[in-house]
Asks: 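Shown below is the structure under consideration.
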2 protein chains.
Amino acid sequence: MEIQVKTNILNKNDRIAAEINAFLTSRGIFALNLLGSPGSGKTSLLEQTMRKVRGDLRLAVIEGDLFTSKDADRIARFQVPVVQINTGGGCHLDANMVKGALKQLDLTGLDLIIMENVGNLVCPAEFNIGEDLKATVLSITEGEDKPLKYPLIFKQSALVLLNKMDLLPYTDYQLAQVREDIAGINPQAALVTLSCRTGAGLEEWVAWLKARVREKKQNRQGENQDSHL
Amino acid sequence: MEIQVKTNILNKNDRIAAEINAFLTSRGIFALNLLGSPGSGKTSLLEQTMRKVRGDLRLAVIEGDLFTSKDADRIARFQVPVVQINTGGGCHLDANMVKGALKQLDLTGLDLIIMENVGNLVCPAEFNIGEDLKATVLSITEGEDKPLKYPLIFKQSALVLLNKMDLLPYTDYQLAQVREDIAGINPQAALVTLSCRTGAGLEEWVAWLKARVREKKQNRQGENQDSHL
């Protein structure tokens, strides 16, 4: 019976997620679900991204946290449309929360939406929230054993962003090992090493993002542009 | 209906947790539920702890992970009794998993059991697993905003271990802020700053642990020593 209830919840979530994705696709908006441990650097990455893409890409951000609007406050400084979702203790975003947040955003002319999920390597991987792709931020200070210990999130991610590379000289981090483990779990995943602190690697991340936005716009052709949520 | 099912699961969990705690109390064994983000340094702390307490304290370890026995393998090197629980994707330990693990351990003469939970700042805080106290490992590389963003786990922790202090000079970490925030959420929580890499702060942590073990032995008097799981 417990399993039955969980199945129903997931089915309902997947239905709403598909609805969100169709809605964003009809507008040619690329949606990224940004995942990672607490403190891996997801919001810092967004801050750096907004500095880099200003003028090139129009983006909006949905911030997921248990409590506080700390992350949305950091994003709002960049004059970017942002909605904070507080899960009130919940360990992940779900599609229904995102649907509510999208209704609060003016989507006119947007190129992409980045949805920063709750800091958690486990539960968010189980819920689609309408994204086109998932990307996971993993900081090197978390140790190189994380891909094998939390494989689902890496299996589902099109991109792994290995952050805090500036701290590499002060750790025993085995970079080759983590590359090998990620490739073993998900041979298709791209891997970008970066440091939000020094800016190293950000060009590659932004180039990846722009390529996905371009693809999404190309796919828009022929879609119904009048759909609504 | 969903809420009803969740309530039933939690009630059942709490009943088993209470049973475990009574069982360990009857043997004078102190049980610590060790929590923290992925990569905060929980297993490194255990490794350092075993080096420090060898000969003084007899401990056993229960390791919780989604997959792999990597952490248990690290512990087993110290000739300490260890059981690995694989949750198979589950985001936290529950009391029933711990009950099963305890049956595999020889508890004769033990002073304490440390139960290293799944790396996650959210879900494990909601499930008692028979512990006397919870302690949370928070690494400074996670940023100083974590206590306010994940308050439940800090509210429930008797001790916060602020790890990776050796990296402090290479970050912008606001130590005073995190102290203030933890004190605001949980004025009773002790805070120990440490580095598993350099060993700084380990004495204070071990002293805290020994004091709790002493208290537990004192509380044992008058308890039924024949209880079983």
Asks: Should Asp65(A) and Lys149(B) count as an ion pair when the cut-off is N to O under 4.0 Å?
Replies: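 Judged by the 4.0 Å cut-off on N to carboxylate O distance, Asp65(A) and Lys149(B) do form a salt bridge.
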
Asks: Are there more than 12 heavy atoms of other residues, nucleotides or ligands under 6.0 Å from atom NZ of Lys155(A)?
Replies: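 Count not over threshold, so no.
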
Asks: Flag the one option from Gly119(A), Gly89(A), Ser44(A), Cys123(A) with the top tally of heavy-atom pairs under 4.5 Å to chain B.
Replies: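 Heavy-atom pair counts peak at Gly119(A).
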
Asks: Once you round to the nearest 0.5 Å, how far does CZ of Arg197(A) lie from OG1 of Thr171(B)?
Replies: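 Result: 6.5 Å between the selected atoms.
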
Asks: With a 4.5 Å heavy-atom cut-off, do Asp145(A) and Arg74(B) have their side chains touching?
Replies: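 Result yes, sub-4.5 Å side-chain heavy-atom pair found.
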
Asks: Any non-hydrogen side-chain atom of Leu121(B) less than 4.5 Å from a side-chain atom of Asn120(A)?
Replies: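 The answer is no, as the side chains (C-beta and beyond) never meet within the 4.5 Å cut-off.
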
Asks: Select one option (side chain, backbone, both, neither) describing which atoms of Asn86(A) are under 4.5 Å from chain B's heavy atoms.
Replies: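 Neither; nothing under 4.5 Å.
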
Asks: For Leu152(B), is it the side chain, the backbone, both or neither that has a heavy atom under 4.5 Å from a heavy atom of chain A?
Replies: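 For Leu152(B), neither part sits under 4.5 Å from chain A.
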
Asks: Is the shortest heavy-atom distance from the side chain of Tyr150(B) to the side chain of Leu66(A) under 4.5 Å?
Replies: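 The answer is yes; the side chains approach within 4.5 Å.
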
Asks: With a 6.0 Å cut-off (strictly less than), is the heavy-atom count around CD of Glu203(B), excluding the residue itself, greater than 12?
Replies: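 No, not enclosed.
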
Asks: Does Lys146(B) offer a backbone N or O that forms a donor-acceptor pair with the side chain of Lys70(A) under 3.5 Å?
Replies: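 Judged by distance alone, no pair lies under 3.5 Å.
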
Asks: Side chain, backbone, both or neither: which part of Ser139(B) has a heavy atom under 4.5 Å from chain A?
Replies: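 Contact with chain A involves no heavy atom of Ser139(B) at all.
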
Asks: For chain B, find which of Val118(A), Leu138(A), Thr141(A), Leu148(A) contributes the most heavy-atom pairs closer than 4.5 angstrom.
Replies: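 Winner by heavy-atom pair count: Thr141(A).
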
Asks: Chain A: which of Ser40(B), Pro38(B), Cys91(B), Pro151(B) shares the most heavy-atom pairs with it under 4.5 Å?
Replies: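 So the answer, after comparing Ser40(B), Pro38(B), Cys91(B), Pro151(B), is Pro38(B).
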
